[in-house]
J.: 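The structure's right below; bear with me while I get my questions together.
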Amino acid sequence: MSIAYDPQEIEPRWQRRWEELGLYQVDSDDPRLKSYVLCMYPYPSGPAHQGHVRNYTFGDLNVRYRTMNGEAVLSPIGFDSFGLPAENAAIKTQIHPRTFTDARIVELKESLGRLGAVYDTRREIKSHDPEYIKWSQFIFTKFMEAGLAYRANAPVNWCPGCQTVLANEQVLADGTCERSGDLVTRRNLEQWFFKITDYADQLLDELEPLEWPERVKVMQRNWIGRSVGAEIEVAISGRDDLDPITVFTTRPDTSFGITYVVVAPEYPRLFDFVTSEYREEVRSFCAEVASRSDIERQSTEMGKAKRGVATGAYAVNPFSGASVPIYVADYVLATYGTGAVMGVPGEDQRDFDFAKAYGLPIIETTERPESYVGDGAYGGPGVKVNSGFLDGLTVDEAKAKALEFLVDLGAGRAKIQYRLRDWLVSRQRYWGCPIPAVYCEACGIVPVPLEQLPVLAPDDVEFLPTGESPLARNANFVNTTCPHCSGPARRETDTMDTFVDSSWYFLRFCDPFSTDKPFNKDDVSAWMPVDQYIGGIEHAILHLLYARFFTKALSDLEIVPSGVREPFKRLFTQGMIRLDGSKMSKSKGNLIAPSGYFDGVGADALRLFHLFVGPPGDDFDWTKQTDEMIEGCYRFLSRVWRLVLNQSESFPGVAITKDLVDSTEVDLELRKTTHRTIEKVTSGYQRWAYNSCVASLMELTNAIYKAVATGASNETVSEAEDTLLLMLAPMVPHITAELWEKKNGGIVHSESWPVADPEMLEDLKTTLVVQVNGKLRDKIEVLTDISEEEAVARVRSLPKISAILGDEEPAKIVLRLPRLINLVL
RNA sequence: GCCCGGGUGGUGGAAUGGUAGACACGGAGGCCUCAAAAGCCUCUGCUCGUAAGGGCAUGCGGGUUCGAGUCCCGCCCCGGGUACCA
């Protein structure tokens with residue numbers, strides 16, 4: 001009579017059922033409360049790995065939980081299908097990237113399907129789909145028209161081993177190529193940029209109200225790197241013919257302490273002011289710096305000994321009128337601020353080190369606090385000294401006063417400097433979204449008009465390891481006519497960074513059906529912002545910052561509704577899975593494929609394991625024991641299976657003692673456990689404490705078994721089992737769907753989330769903990785409404801307590817009734 | 001260096017300032033069986049003790065409190081981010 005728990009039979013069947021039922025196909029006119037749950041769409045690298053399982057389990061759980069709470073949940077999925085691996089594979093195997101990618105998508109979809117996650121499958125999108133390319137390109141042309149996309153000369157990463165340009169993220173921290181290990185060099189090329197810096201302030205300010213992990217917000221803040229300060233113009237002594245050198249500082253209050261000025265070796269007008277006797281020395285210094293790699297230049301031990309040379313020129317401190325030498329040094333970055341800084345050794349440690357090394361004077365302009373014992377620069381607060389008209393002011397007052405002085409003198413101004421640079425989007429690659437621009441000798445750079453979109457890359461190209469995009473060598477593609485004047489023109493052959501595709505896909509999901517626009521504004525209004533976004537911490541900066549920028553820019557361009565200014569209201573970053581100490585990933589070749597588990601214990605057991613193993617945000621190490629834990633999850637599901645189907649072999653060895661027990665007592669206990677579990681588990685779902693939810697549901701299962709064995713009534717057991725299935729349903733959808741249908745009929749995921757009966761949460765009796773001097777000495781059962789007098793009397797009469805007390809009278813009695821009493825001697 | 005996380009049994013991990021170690025994994029013993037598998041039951045932080053019972057325990061050292069894994073101060077170790085950003 002018994003049917004064994006067989007996930008292999010149940011799981012595919014329910015996966016088909018859910019698709020047929022269309023429970024998770026939602027539309028913007030749905031009367032229910034609308035919400036949007038999204039996992040970062042995957043790069044299709046082949047079958048799903050454990051990181052995907054974890055990510056999409058969290059997503060699916062949220063979708064199903066919210067649906068059971070009465071919401072209409074938008075749950076789409078797609079594929080981030082442009083990218084370098086497909087093109088590298090093409091160079092190696094001569095298989096077209098599209099063929100390669102489509103095959104990987106099939107594999108990934110197949111294995112994600114086996115996980116049992118539910119989506120509105122009508123909304124699937126792929127970055128490399130011509131329809132998607134068309135609207136990516138449309139957005140690009142809109143950015144061009146708005147001046148948000150522009151061309152400029154820029155250095156790019158060039159790998160001599162791979163003979164190709166690399167994206168920043170493919171260059172490791174030590175300056176080598178992640179693939180070949182060669183040292184990456186710089187090349188200057190004309191490139192397309194997005195003007196993300198226009199949005200620096202908004203990106204910073206509007207970060208605050210987002211319900212994101214604080215560390216992600218901190219990373220974005222640091223990345224934007226807003227510094228408030230001043231630009232100061234320092235004239236070059238005796239050279240009225242030259243423009244002054246402009247320096248940026250956050251500390252204009254220290255200006256009287258300027259004892260030198262220093263510029264980067266790449267400073268553009270350097271040789272305008274280097275004097276002839278120093279020319280050779282400066283020239284060889286700059287050449288030497290240029291020959292060193294970025295890593296050498298920035299390495300810590302070399303950084304300690306700041307290297308530089310004098311230029312022979314002098315500058316005038318606009319505050320004191322003092323003449324100070326101008327140096328060139330490699331500790332000044334050409335790429336930040338103006339590439340020139342004022343040397344203030346008293347208050348800046350780097351300047352202090354340099355001044356010490358080159359025998360430059362050091363002026364302290366902030367009074368050191370009495371407790372200050374440091375040897376070196378002091379950057380803290382204090383009263384100004386040695387600072388002329390600033391003397392006696394605090395640092396903050398002096399900043400304002402100094403700025404006022406500069407403005408009056410015409411030698412400076414307030415300035416906010418950002419670390420954030422414009423986003424370089426050009427990629428010299430084939431497998432990406434072509435940049436829809438045309439170069440016409442007569443009209444200049446012309447965006448390709450909408451009716452000619454999409455611009456698609458031709459298929460008949462050669463994939464060679466030359467570093468040049470196959471598009472550039474394809475005459476049919478390159479040669480075109482100007483959309484303006486119809487004269488001969490040349491196409492842009494670069495493609496877009498794949499982060500462009502992922503910067504608006506969540507908008508297209510709101511309406512992937514429109515063919516005359518990227519998406520319908522009303523649909524975007526209906527669903528955006530994403531209520532719950534889920535993904536890895538590795539996207540903390542780039543993807544999340546770019547997507548925020550796109551949302552704001554598109555909103556300003558009136559393509560996205562004006563009220564939508566942020567894409568992701570809540571963000572959850574899941575922990576990563578490690579094997580032997582390093583992140584489990586395809587490129588490291590240390591994957592443990594989920595397919596073996598799907599084939600064996602089933603998707604539900606694997607999902608349950610990922611939920612149970614620990615807090616979702618924590619990393620975990622996949623070890624030898626992991627398989628045993630997964631087995632344990634399978635055993636638990638089997639236990640639930642046998643319990644609900646009331647299979648007699650569940651209870652061998654347990655005597656049914658129905659006659660011996662007051663069944664109403666057993667019933668009451670079980671009902672209380674059931675309702676307390678509803679409370680605990682519901683709160684756990686809301687706090688993402690899924691591991692604790694699983695534990696509570698295991699406890700409930702154990703309690704039901706015990707209650708059945710001790711004679712609980714069918715009604716009470718049935719209520720407890722229903723509650724168990726409902727609360728497990730978002731976690732392990734297949735087994736719960738099957739058991740619910742067998743037990744009650746109907747679809748468990750269409751049921752409402754259970755609500756605890758307040759009456760069942762109240763206790764008549766509880767355990768009173770008895771402490772003496774804060775140490776546990778005894779516990780007693782008491783009525784919850786016990787009076788203070790009675791509690792004290794009962795506690796004092798306890799043998800253990802009276803033995804400790806002897807004749808002594810407690811100095812104090814701390815009462816936290818009915819849970820705790822502490823006698824202080 | 002700086003900025004975040006985090007150190008709790010053999011293992012993964014629970015604990016609104018109030019019974020530390022829930023729940024699992026592993027281990028030990030038992031029931032069932034001709035036997036095994038599966039299942040079920042009991043025990044399982046360390047330590048002293050035959051036991052009853054006691055002592056010690058949340059990285060280390062202090063502090064606040066009737067009471068600290070939890071709050072405060074100072075260290076140590078591990079993981080991640082960042083790297084001369086003026």
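All values below were derived from every heavy atom in this structure, side-chain atoms included, with hydrogens, water molecules and symmetry-related copies excluded. Each chain gets a letter, A, B and so on, in the order its sequence line appears, and its residues count up from 1.
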J.: Take atom CZ of A/Arg777 and atom P of B/rG67, then tell me their distance rounded to the nearest Å.
T.: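 Whole-Å distance recorded here is 14 Å.
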J.: Rounded to the nearest Å, what distance is computed from the CZ atom of residue A/Phe636 to the P atom of nucleotide B/rA38?
T.: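 Going from CZ in A/Phe636 over to P in B/rA38 covers 19 Å.
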J.: Quick check on B/rG5: syn or anti? Syn means the glycosidic torsion is within 90 degrees of zero.
T.: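 Here B/rG5 takes the anti form, which means its glycosidic angle is more than 90° from 0.
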J.: Taking only residues two or more places apart in sequence or in another chain, which ones pass salt bridge (charged side-chain N to carboxylate O under 4.0 Å, His left out) with A/Asp604?
T.: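 Salt bridge (charged side-chain N to carboxylate O under 4.0 Å, His left out) list for A/Asp604, sorted by chain: empty.
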J.: Expressed as a whole number of angstroms, how long is the span from A/Tyr327:OH to B/rC84:P?
T.: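 Checked: the OH to P distance equals 23 Å.
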J.: If you only use heavy atoms from C-beta on, which nucleotide in B/rC40, B/rC25, B/rA86 is closest to the side chain of A/Tyr331?
T.: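 In terms of side-chain proximity for A/Tyr331, the closest of B/rC40, B/rC25, B/rA86 is B/rA86.
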J.: Summarise protein proximity over nucleotides 7-19 of chain B in one line of letters, 5' to 3': B for base, S for sugar-phosphate only, - for none, counting protein heavy atoms closer than 4.0 Å.
T.: ---BBBSSS--BB
J.: Sticking with atom P, work out how far B/rG9 lies from B/rU58, rounded to a whole angstrom.
T.: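 9 Å, rounded to whole Å.
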J.: With A/His675, which residues qualify under ring-ring contact (aromatic ring centres under 6.0 Å, His included), at least two apart?
T.: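 Not a single residue meets the ring-ring contact (aromatic ring centres under 6.0 Å, His included) criterion with A/His675.
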J.: Listed by chain and number, what are the side-chain contact (heavy atoms from CB on, under 4.5 Å) partners of A/Val814, not counting sequence neighbours?
T.: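 Only A/Lys812, A/Arg816, A/Asn822, A/Val824 meet the side-chain contact (heavy atoms from CB on, under 4.5 Å) criterion with A/Val814.
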J.: Checking A/Arg639 against A/Tyr705: charged group under 6.0 Å from the ring centre and within 45 degrees of the axis?
T.: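 Output yes; distance and angle both within limits.
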J.: Write down the distance between CG (A/Asn773) and P (B/rU65), rounded to a whole number of angstrom.
T.: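 Those two atoms, CG and P, are 15 Å apart.
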J.: Between B/rG81 atom C1' and A/Trp212 atom CH2, what is the distance in whole Å?
T.: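 Those two atoms, CH2 and C1', are 16 Å apart.
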J.: Hunt down the Watson-Crick or G-U wobble partner of B/rG29, both distances under 3.5 Å, from any strand shown, or write none.
T.: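 Partner of B/rG29: B/rC41.
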J.: Looking at A/Ser227, I'd like to know whether one of its side-chain N or O atoms comes within less than 4.0 Å of OP1 or OP2 on B/rA86.
T.: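 Looking at the OP1 and OP2 atoms of B/rA86, one of them is under 4.0 Å from a side-chain N or O of A/Ser227.
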J.: Parallel, tilted or perpendicular: which one describes the rings of A/Phe354 and A/Tyr331, with boundaries at 30° and 60°?
T.: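 Aromatic pair A/Phe354/A/Tyr331 classed tilted.
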J.: Work out how far the C1' atom of B/rC76 is from that of B/rG61, and round it to whole angstrom.
T.: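 Taking atom C1' in both B/rC76 and B/rG61, they lie 10 Å apart.
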J.: Could you give the NZ-to-P distance, from A/Lys775 to B/rG55, as a whole number of Å?
T.: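 So the two atoms are 5 Å apart, to the nearest Å.
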J.: Just how far, in rounded Å, is C1' of B/rU82 from CG of A/Leu333?
T.: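 The answer, rounded to whole Å, is 14 Å.
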J.: Would you mind pulling out the nucleotide paired to B/rC75, Watson-Crick or G-U wobble, both distances under 3.5 Å?
T.: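 B/rC75 is paired, partner B/rG59.
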J.: In whole Å, measure the gap between the P atoms of B/rC72 and B/rC4 for me.
T.: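 The answer is 13 Å between these two P atoms.
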J.: Can you tell me the Watson-Crick or wobble partner of B/rA24, both distances under 3.5 angstrom?
T.: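 Partner of B/rA24: B/rU11.
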J.: Base, sugar-phosphate, or nothing: which does A/Arg215 touch, judged by heavy atoms less than 4.0 Å apart?
T.: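 Sugar-phosphate only.
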J.: Please classify the nucleic acid contact of A/Arg635 as base, sugar-phosphate, or nothing, using heavy-atom distances under 4.0 Å.
T.: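 It contacts sugar-phosphate atoms only.
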J.: I need the CD1-P distance between A/Ile630 and B/rG26, as an integer number of Å.
T.: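 Distance, rounded to whole Å: 12 Å.
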J.: Considering only the P atoms, how many Å lie between B/rG80 and B/rG63, rounded to the nearest integer?
T.: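 Taking atom P in both B/rG80 and B/rG63, they lie 35 Å apart.
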J.: In whole Å, what separates the C1' atom of B/rA86 from that of B/rG6?
T.: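 33 Å, rounded to whole Å.
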J.: Between B/rC46 and B/rG10, how many Å separate the two P atoms, rounded to a whole number?
T.: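 Between the two P atoms, the distance is 7 Å.
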J.: If we take the P atom in both B/rA68 and B/rG17, what is their distance in whole Å?
T.: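 Comparing P positions in B/rA68 and B/rG17 gives a spacing of 14 Å.
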J.: When you check the phosphate oxygens OP1 and OP2 of B/rC3, does a side-chain N or O of A/Arg221 lie under 4.0 Å from one of them?
T.: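 Result: no.
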J.: If we call it a pair only when both distances are under 3.5 Å in a Watson-Crick or G-U wobble match, what pairs with B/rU82?
T.: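 B/rG1 - that is the nucleotide pairing with B/rU82, both distances being under 3.5 Å.
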J.: Let's see if you can work this out: which of B/rG79, B/rC23, B/rG39 has an atom nearest to the side-chain heavy atoms of A/Glu699?
T.: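 Of all the options, the side chain of A/Glu699 is nearest to B/rC23.
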J.: Can you list everything that forms a salt bridge (charged side-chain N to carboxylate O under 4.0 Å, His left out) with A/Lys672? Sequence neighbours excluded, please.
T.: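 A/Lys672 satisfies salt bridge (charged side-chain N to carboxylate O under 4.0 Å, His left out) with A/Asp763 only.
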J.: Between B/rG29 and B/rU19, how far apart are the P atoms? Round to whole Å, please.
T.: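 It comes out at 35 Å once rounded to the nearest Å.
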J.: With nearest nucleotides of RNA chain B determined for A/Tyr336 and A/Gly632 from heavy-atom distances, which residue corresponds to the more 5′ nucleotide?
T.: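 Residue closer to the 5' terminus by nearest nucleotide: A/Gly632.
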J.: Considering the options A/Val328, A/Ile245, A/Val341, which one meets the side chain to side chain contact (heavy atoms under 4.5 Å, CB included) requirement together with A/Val262?
T.: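 Only match with A/Val262 under side chain to side chain contact (heavy atoms under 4.5 Å, CB included): A/Val341.
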J.: Does B/rC34 have a Watson-Crick or wobble mate here (both distances under 3.5 Å), and if so which one?
T.: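 None - no nucleotide pairs with B/rC34, as no candidate has both distances under 3.5 Å.
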J.: Taking C-beta and beyond as the side chain, do A/Phe285 and A/Arg307 meet within less than 4.5 Å on heavy atoms?
T.: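 In short, these two side chains touch, coming nearer than 4.5 Å.
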J.: Closest-nucleotide mapping onto RNA chain B: is A/Glu628 or A/Lys812 further toward the 5' terminus? I mean the 5' end.
T.: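 Looking at RNA chain B, the more 5' nearest nucleotide goes with A/Glu628.
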J.: By side-chain contact (heavy atoms from CB on, under 4.5 Å), which residues pair with A/Thr335, not counting sequence neighbours?
T.: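 Once residues adjacent in sequence are excluded, the partners of A/Thr335 under the side-chain contact (heavy atoms from CB on, under 4.5 Å) criterion are A/Leu333, A/Arg421.
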J.: Is A/Gly337 touching bases, backbone alone, or none of the nucleic acid, heavy atoms closer than 4.0 Å?
T.: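 No contact at all - A/Gly337 keeps every heavy atom at 4.0 Å or more from the nucleic acid.
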J.: For the residue pair A/Tyr634 and A/Tyr597, is the inter-centroid distance of their aromatic rings smaller than 6.0 Å?
T.: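 When the ring centroids of A/Tyr634 and A/Tyr597 are compared, they turn out to be at least 6.0 Å apart.
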